[in-house]
Amino acid sequence: MLKIATFNINGVRSRLPALLEWLDREAPDIACLQELKAPDAAFPIDEIRAAGYGAIWHGQVSWNGVAILAKGMEPIESRRGLPGDTGDTHSRYVEAAAHGVLVGCLYLPNGNPQPGPKFDYKLAWFERLIDYAARLHDSGHPVVLAGDFNVVPTDEDIYNPKSWLKDALLQPESRECYRRLLDQGWLDSLRARHPAERIYTFWDYFRQHWQKNSGLRIDHLLLNPQMAPHLKDAGVDRWVRDRPHASDHAPTWISVDLKVQKQPATQKAAADKPAAKKAAAKKTAAKTPAARPRRAKPAG
DNA sequence: ATGCCTTGAACATCAAGA
């Protein structure tokens with residue numbers, strides 16, 4: 001079983017004790033981090049290695065910054081930065097292979113205030129993500145696209161949409177982009193695993209929102225068709241948010257079982273005969289869970 | 001409409017987060 005997590009850490013240096021405590025206690029095999037808020041040279045690689053993790057990171061002074069950690073191995077970097085705009089200097093995307101999975105770690109722009117140039121940047125970045133994600137989706141590898149998407153997908157993903165109506169995270173344009181991304185065939189794993197539950201991954205620092213559980217679901221792990229059938233469980237490590245000086249996000253995770261189920265030799269031999277092959281294919285199709293995400297209901 | 005709270009930059013107050 002493989003545990004894959006995403007965690008907007010909101011400052012990797014100021015939150016290093018929290019990160020190490022979480023890694024020690026939850027031991028994710030792969031951890032995507034966002035909002036490092038540190039330049040490359042200040043990334044605490046020594047402490048992370050001492051905790052048993054290899055890492056790649058794409059830092060930036062003061063803001064943004066993303067990293068991928070892998071337990072007991074060095075992630076093999078396959079990309080840093082989204083294609084489509086060479087003038088974009090924000091560190092918001094990094095990608096690596098680890099433990100047999102291709103992992104895209106992203107920090108989508110917040111987009112506030114909207115309307116305005118920051119919202120335009122958010123939507124433009126989203127379009128680049130949608131374009132690139134299509135390639136990932138069709139890569140043939142098991143892929144997870146994980147991170148802080150800065151989108152509340154539906155009104156079921158926030159404590160009270162009325163308070164946030166003007167916020168960039170709830171705008172129809174933001175939600176439309178997210179839906180278009182899912183419609184490529186990605187599975188929203190948290191929602192798939194818990195179809196009818198309130199799940200939050202972020203609680204802002206204002207108005208005692210954590211204490212009141214006034215949260216938003218904005219950290220997502222999307223799975224392509226090579227990955228989705230292996231999903232076993234998903235959740236949020238809420239205890240991390242309850243610690244003193246916590247990030248405003250909590251780590252969000254899935255577990256997947258990628259082990260190939262070996263067929264008994266006799267069954268395998270039988271499967272080579274055309275008639276049996278056809279029956280086996282039919283059986284497989286019937287057993288495969290719906291990989292397509294359900295369409296979000298129109299808001300309102 | 002704005003602040004609330006928190007970080008990182010630089011050292012009093014910003015910019016930015018969501």
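Every chain is numbered from 1, with letters handed out A, B, ... down the list of sequences. What you are looking at is a predicted structure, and each value in this text was computed from that prediction instead of being measured.
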Taking the nucleotide of DNA chain B with the nearest heavy atom to each, does Ile218(A) or Ser62(A) sit closer to the 5' end?
Ser62(A)
Under 4.5 Å side-chain linkage, directly or through intermediates, the cluster mates of Ile76(A):
none
Partners meeting side chain to side chain donor-acceptor pair (under 3.5 Å) with Asn213(A) (sequence neighbours left out):
Trp203(A), Arg238(A)
Among Arg191(A), Arg175(A), Arg198(A), which residue satisfies the side chain to side chain contact (heavy atoms under 4.5 Å, CB included) criterion with Asp157(A)?
Arg191(A)
Think Arg15(A) has a side-chain N or O under 4.0 angstrom from the OP1 or OP2 of dT7(B)?
yes
For residues 95-102 of chain A, tabulate all N or O donor-acceptor pairs below 3.5 Å that involve a side-chain atom, not counting sequence neighbours.
| from | atom 1 | to | atom 2 | distance (Å) |
| --- | --- | --- | --- | --- |
| Glu95(A) | OE1 | Tyr93(A) | OH | 2.6 |
| Glu95(A) | OE1 | Tyr132(A) | OH | 2.7 |
| Glu95(A) | OE2 | Ser78(A) | OG | 2.8 |
| Glu95(A) | OE2 | Tyr132(A) | OH | 3.2 |
| His99(A) | NE2 | Asp29(A) | O | 3.4 |
| His99(A) | NE2 | Lys71(A) | O | 3.1 |

Between dT2(B) and dA15(B), how far apart are the two P atoms, rounded to whole Å?
14 Å
Name the residue closer to the 5' end of DNA chain B, choosing between Asp248(A) and Arg13(A) according to the nucleotide with the nearest heavy atom.
Arg13(A)
Mark this stacking check for Phe206(A) against dC4(B) as yes or no, applying ring centres under 5.5 Å and ring planes under 30°.
yes
Among pairs that include at least one residue of residues 9-46 of chain A, which meet ring pair (Phe, Tyr, Trp, His ring centres under 6.0 Å), considering only residues two or more places apart or in two chains?
Phe7(A)-Trp22(A), Phe43(A)-Trp57(A)
Under 3.5 Å, which donor-acceptor pairs do the side chains of residues 61-69 of chain A form with other protein atoms, sequence neighbours left out?
| from | atom 1 | to | atom 2 | distance (Å) |
| --- | --- | --- | --- | --- |
| Asn64(A) | OD1 | Arg92(A) | NH2 | 3.2 |
| Asn64(A) | ND2 | Gln60(A) | OE1 | 3.3 |

Using atom CG of Asn10(A) as one end and atom P of dA9(B) as the other, report the distance to the nearest whole Å.
13 Å
Please classify the nucleic acid contact of His249(A) as base, sugar-phosphate, or nothing, using heavy-atom distances under 4.0 Å.
sugar-phosphate
Ser14(A) vs dG8(B): side-chain N/O to OP1/OP2 distance below 4.0 Å
yes
How many Å lie between CD on Glu35(A) and P on dG8(B), as a whole number?
10 Å
dA18(B) P sits how many Å from Tyr121(A) OH, rounded?
13 Å
Rounded to whole angstroms, how far apart are CG on Leu108(A) and P on dG17(B)?
12 Å
What's Asn8(A) touching, base or sugar-phosphate or nothing? Going by heavy atoms closer than 4.0 Å.
sugar-phosphate
Remaining members of the apolar cluster that contains Phe119(A), side-chain heavy atoms under 4.5 Å
Leu123(A)
Separation of dA16(B) atom C1' from Gln34(A) atom CD, nearest Å, is 17 Å
Under 4.0 Å, heavy atoms only, any strand: does Asn64(A) hit a base, just the sugar-phosphate, or nothing?
nothing
N/O to N/O distances under 3.5 Å, protein versus nucleotides 1-3 of chain B:
| from | atom 1 | to | atom 2 | distance (Å) |
| --- | --- | --- | --- | --- |
| dA1(B) | OP2 | Lys166(A) | NZ | 3.3 |

Among residues 197-204 of chain A, which residues get a heavy atom nearer than 4.0 Å to DNA chain B?
Phe202(A)
Just to verify, what does Glu156(A) make a side chain to side chain donor-acceptor pair (under 3.5 Å) with, not counting sequence neighbours?
none
Applying a 4.0 Å non-hydrogen cut-off, can you work out what Tyr107(A) is touching in the nucleic acid: base, sugar-phosphate, or nothing?
sugar-phosphate
Quick check: does any side chain N or O of Glu21(A) sit under 3.5 Å from a backbone N or O of Leu16(A), one acting as donor and the other as acceptor?
no
From CD of Gln60(A) across to P of dA15(B) the rounded distance in Å is 17 Å
Expressed as a whole number of angstroms, how long is the span from Leu19(A):CG to dT7(B):P?
16 Å
Is any side-chain nitrogen or oxygen of Asn112(A) closer than 4.0 Å to OP1 or OP2 of dA18(B)?
no
Rounded to whole angstrom units, what separation is found between the OH atom of Tyr205(A) and the C1' atom of dT7(B)?
8 Å
State whether a side-chain donor-acceptor pair under 3.5 Å links Trp164(A) with Tyr159(A).
yes
